[in-house]
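Below is one structure, written out as structure tokens; comments come after it.
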Amino acid sequence: MEKLLLLFCNWSTLGVCAALKLPQISAVLAARSARGISLPSLLLELAGFLVFLRYQCYYEYPLLTYLEYPILIAQDVLLLLCAFHFNGNVKGAAPYMAVCVASWFVLPLQKWIIDLAMQE
């Protein structure tokens with residue numbers, strides 16, 4: 001019974017995370033406007049998700065403990081691209097995407113870098 005409950009909790013968490021940003025994304029697409037989206041807060045959230053995901057991967061935690069983060073990152077990236085698209089500056093997203101991709105590879109170069117990134 002406990003295993004079944006844990007399995008239900010894991011999959012329900014993934015389901016909720018998969019739908020978390022969908023209303024915001026659909027509202028942006030329907031309005032064809034990124035008005036009301038805060039770029040700094042979106043970037044901060046994306047950076048936090050990336051650091052946490054990389055930390056979990058680096059220390060080889062079980063996949064189900066962090067599987068929702070790739071889903072959230074994908075939704076944040078989509079929202080970021082929508083924001084740049086509807087502001088008429090799609091090319092402006094390139095530096096942010098480059099930093100996100102580079103950080104994925106830079107964070108685990110040395111153990112102290114990833115540990116420093118997770119400090120409070």
Are [X] and [Y] in one and the same hydrophobic cluster, where Ile, Leu, Val, Met, Phe, Trp and Tyr link if side-chain heavy atoms are under 4.5 Å apart?
{"X": "Leu72", "Y": "Leu63", "result": "yes"}
{"X": "Leu78", "Y": "Val99", "result": "no"}
{"X": "Phe105", "Y": "Met97", "result": "yes"}
{"X": "Ile25", "Y": "Val90", "result": "no"}
{"X": "Leu80", "Y": "Leu29", "result": "yes"}

| request: Begin from the C-alpha positions of Phe84 and Tyr96 and carry the test ring-ring contact (aromatic ring centres under 6.0 Å, His included) through to its verdict. | output: CA-CA 11 Å; Phe84 278 103; Tyr96 296 107; 5.5 Å; yes
| Sub-3.5 Å donor-acceptor pair from the side chain of Thr65 to the main-chain atoms of Tyr61, do we have one? |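 Judged by distance alone, no pair lies under 3.5 Å.
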Locate the shortest heavy-atom distance separating [X] from [Y]; write the atom from each residue and the value.
{"X": "Cys57", "Y": "Trp104", "answer": "SG-CH2, 4.1 Å"}
{"X": "Ile113", "Y": "Val106", "answer": "CD1-O, 4.0 Å"}
{"X": "Ala34", "Y": "Ala83", "answer": "CB-CA, 3.5 Å"}

Straight-line distance of [X] [atom1] to [Y] [atom2], nearest 0.5 Å:
{"X": "Ile73", "Y": "Leu53", "atom1": "CD1", "atom2": "CG", "value": "4.5 Å"}
{"X": "Ile37", "Y": "Leu79", "atom1": "CD1", "atom2": "CG", "value": "4.0 Å"}
{"X": "Ile71", "Y": "Cys17", "atom1": "CD1", "atom2": "SG", "value": "6.5 Å"}
{"X": "Leu46", "Y": "Asp76", "atom1": "CG", "atom2": "CG", "value": "5.5 Å"}
{"X": "Leu6", "Y": "Leu64", "atom1": "CG", "atom2": "CG", "value": "8.0 Å"}
{"X": "Gln75", "Y": "Leu22", "atom1": "CD", "atom2": "CG", "value": "5.0 Å"}

| task | Verify the neighbour count for atom CH2 of Trp11: are there more than 12 heavy atoms of other residues, nucleotides or ligands below 6.0 Å? | result |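 Incorrect, the count does not exceed 12.
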| message | Which label fits Tyr69 and Phe49: parallel for a plane angle under 30°, tilted from 30 to 60°, or perpendicular past 60°? | response |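 Because their plane-to-plane angle is over 60°, the rings of Tyr69 and Phe49 count as perpendicular.
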| query | So, Asp115 and Tyr58: side-chain donor and acceptor under 3.5 Å apart, yes or no? | reply |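 Their side chains do not contain a donor-acceptor pair, so the 3.5 Å distance test is not met.
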